There are 2 protein chains.
Amino acid sequence: MEYKEAKNKFVQTWGALGSQWGINKTMAQIHALLMVSNEPVSMEDIMEQLQISRGNASMNIRALMDWGIVYKEFKAGERREFFTAEKDLDELAVKISKERSKREIKPALKVLKEVSSIEASQNEEEKHFVEQTTKLYDFVLKADNVLDKITEYKDNWLARLVVKIMKK
Amino acid sequence: MEYKEAKNKFVQTWGALGSQWGINKTMAQIHALLMVSNEPVSMEDIMEQLQISRGNASMNIRALMDWGIVYKEFKAGERREFFTAEKDLDELAVKISKERSKREIKPALKVLKEVSSIEASQNEEEKHFVEQTTKLYDFVLKADNVLDKITEYKDNWLARLVVKIMKK
DNA sequence: ACAAACTTTCATTTTTTTTTGAAAGTTTAA
DNA sequence: TTAAACTTTCAAAAAAAAATGAAAGTTTGT
């Protein structure tokens with residue numbers, strides 16, 4: 001396998017993986033492309049390499065910047081904008097965790113708290129509902145706190161976690 | 001808020017959360033419904049409560065059983081089948097981790113290994129590609145191992161993890 | 001062996017998500 | 001201030017994913 005083929009395979013695979021985790025394919029592909037580029041890439045290049053339209057490129061780059069994992073770069077003497085991806089994987093994981101927590105987990109927690117707080121009657125069915133949603137709330141809250149803690153370590157949290165977990 | 005409203009809100013929210021994580025909405029809703037039911041539920045009931053077709057119900061229940069998080073139950077003297085969800089949240093997390101690892105992470109690792117093993121020329125661009133994909137491979141491998149380890153603890157891994165992580 | 005009571009399958013339809021591309025907007029240099 | 005060089009927006013089109021429902025399949029009781 002030579003470089004071009006490998007790069008393409010990587011971009012495709014990363015895109016597919018993204019969509020299995022609720023991230024749109026193009027967004028994941030753009031990210032993949034930027035991850036393995038040693039130089040900032042222009043929108044024109046992204047469009048060409050991924051064969052996508054200007055609008056699509058623009059919107060997905062914007063989304064990646066909103067996630068804080070892609071940055072604009074300016075090159076001296078160049079009018080157009082270039083983009084780079086966050087390449088430090090620890091940093092990347094931290095940012096993704098933070099965003100998903102903020103956008104998805106926190107709102108879900110709010111609902112879980114609400115629904116687990118209803119006045120349960122004698123009814124077995126209702127009692128079970130309250131019990132189960134309460135457990136779920138506690139569980140999700142704990143999991144979310146783990147994410148928060150992870151972001152505090154910042155550097156190499158995964159390696160540290162591995163060490164801790166591995167020693168039984 | 002009374003029970004029925006709360007239950008509905010929970011099912012809707014769980015469904016929405018599912019789709020943000022790459023799980024189809026109905027599948028997540030069925031799971032939600034079964035999670036908070038104290039009794040096994042028939043397909044008929046699922047169809048009615050979620051207002052979905054028989055085919056849809058059948059296929060998504062099947063998918064949930066393939067994930068190992070929903071079980072068939074037989075009631076004495078009843079012809080039709082009933083379903084229950086895994087209600088132990090630790091067990092649920094373990095099963096989901098295992099499946100996602102098997103279905104998504106392992107295949108991605110294979111590709112990462114492949115593409116990071118190309119013969120890199122002198123070319124800076126190619127060198128960077130190999131370097132970056134190698135780092136990614138190591139990172140994903142470590143993360144996947146964490147998932148594996150988690151499944152070994154089985155009981156209350158999250159609580160243990162919290163303790164470990166919390167004490168700085 | 002039959003038929004009633006169910007469940008599964010899958011071609012077709014519907015819904016949702018993503019992409020396109022042209023018009024509108026912005027920035028910069030002269 | 002103008003216009004060239006870009007980027008963003010968003011209504012419409014296309015593509016992808018999910019849902020339907022009727023026919024086929026299966027199981028069970030008699």
Side-chain angles (χ1 to χ4, degrees), chain A residues 11-34 40-67 70-84 100 103-104, chain B residues 11-34 40-67 70-84 100 103-104:
Chain A
V11 170
Q12 295 306 321
T13 305
W14 209 239
L17 199 64
S19 43
Q20 282 168 323
W21 287 82
I23 285 137
N24 125 6
K25 196 184 72 183
T26 303
M27 191 169 152
Q29 287 183 340
I30 294 176
H31 184 248
L33 192 64
L34 296 179
V41 184
S42 70
M43 198 153 105
E44 212 69 40
D45 277 350
I46 293 173
M47 285 165 59
E48 204 215 291
Q49 294 202 47
L50 300 181
Q51 289 291 306
I52 57 174
S53 71
R54 189 171 295 286
N56 197 5
S58 174
M59 291 179 88
N60 282 112
I61 290 169
R62 150 69 75 105
L64 285 164
M65 291 194 300
D66 288 348
W67 276 74
V70 158
Y71 315 113
K72 244 181 208 166
E73 298 234 333
F74 298 96
K75 278 193 184 174
E78 279 273 14
R79 177 72 161 273
R80 71 216 148 116
E81 298 166 339
F82 291 79
F83 304 92
T84 348
R100 294 209 94 148
R103 296 181 193 202
E104 297 149 16
Chain B
V11 169
Q12 295 306 320
T13 304
W14 209 239
L17 199 63
S19 43
Q20 282 168 323
W21 287 83
I23 286 138
N24 122 9
K25 196 185 71 184
T26 303
M27 190 169 151
Q29 286 182 341
I30 294 176
H31 184 247
L33 191 62
L34 295 180
V41 184
S42 70
M43 197 152 104
E44 212 69 40
D45 277 351
I46 293 173
M47 285 164 60
E48 203 214 289
Q49 293 202 49
L50 300 180
Q51 288 292 305
I52 58 174
S53 71
R54 190 172 294 285
N56 196 7
S58 174
M59 293 181 87
N60 283 110
I61 290 169
R62 149 72 73 107
L64 285 163
M65 290 194 301
D66 288 349
W67 276 74
V70 158
Y71 315 112
K72 245 181 209 167
E73 299 234 333
F74 298 95
K75 277 194 185 173
E78 278 273 16
R79 177 75 162 269
R80 72 218 146 113
E81 299 165 339
F82 291 80
F83 304 93
T84 349
R100 295 209 93 148
R103 296 181 191 203
E104 296 149 17

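Remember, predicted model here, so these are calculated numbers, not experimental data.
Remark: P of D/dA18 and CZ of B/R54 are 22 Å apart, rounded to the nearest angstrom. The separation between A/E44 atom CD and C/dG21 atom P is 14 Å, rounded to whole Å. Going from atom NZ of A/K25 over to atom P of D/dA14 covers 17 Å, rounded to whole Å. A/I52 places its CD1 atom 14 Å from the P atom of C/dT18, with the value rounded to the nearest Å. Per the geometry, CD belonging to A/Q20 stands 16 Å off P belonging to D/dA16, to the nearest Å. Per the geometry, CD1 belonging to A/I46 stands 14 Å off P belonging to C/dT20, to the nearest Å. The separation between A/D45 atom CG and D/dC6 atom P is 12 Å, rounded to whole Å. Nucleotide C/dA22 holds its P atom 12 Å from the CE atom of A/M47, rounded to whole Å.
With distances taken from any side-chain atom of B/S58 to the nucleotides D/dT8, C/dT8, C/dT7, the minimum falls on C/dT8. For A/S53, whose side chain is taken as the heavy atoms from C-beta onward, the closest listed nucleotide among D/dC10, C/dT8, C/dG21 is C/dG21. Among D/dT28, D/dT9, C/dT20, the nucleotide with an atom closest to any side-chain atom of B/R79 is D/dT28.
Here the OG1-CG distance, from A/T26 to A/N56, works out to 4.5 Å after rounding to the nearest 0.5 Å.
In terms of phosphate contacts, B/N24 brings a side-chain nitrogen or oxygen within less than 4.0 Å of OP1 or OP2 of D/dA19. Between C/dT18 and A/N60, no contact under 4.0 Å exists linking OP1 or OP2 to a side-chain N or O. One finds a side-chain N or O of A/T26 lying less than 4.0 angstrom from the OP1 or OP2 phosphate oxygen of C/dT19. The phosphate of D/dA18 has neither OP1 nor OP2 within less than 4.0 Å of any side-chain N or O from B/N56.
Each of A/V11, A/V70, A/N24, A/L64 was compared with A/I30 under the side-chain contact (heavy atoms from CB on, under 4.5 Å) criterion, and only A/L64 meets it. For the salt bridge (charged side-chain N to carboxylate O under 4.0 Å, His left out) test with B/E81, the passing option among B/K72, B/K75, B/R62 is B/K72; the others fail.
Where A/F83 and B/M27 each meet DNA chain D at their nearest nucleotide, the meeting point lying more 5' is that of A/F83. With the nearest nucleotide of DNA chain D identified for both B/M59 and A/R62, A/R62 has the one nearer the 5' end.
Here the closest heavy-atom approach between residue B/M47 and residue B/S53 is recorded as CG-O, 4.0 Å.
The 12-atom threshold is not exceeded at CD of A/E48, counting heavy atoms of other residues, nucleotides or ligands nearer than 6.0 Å.
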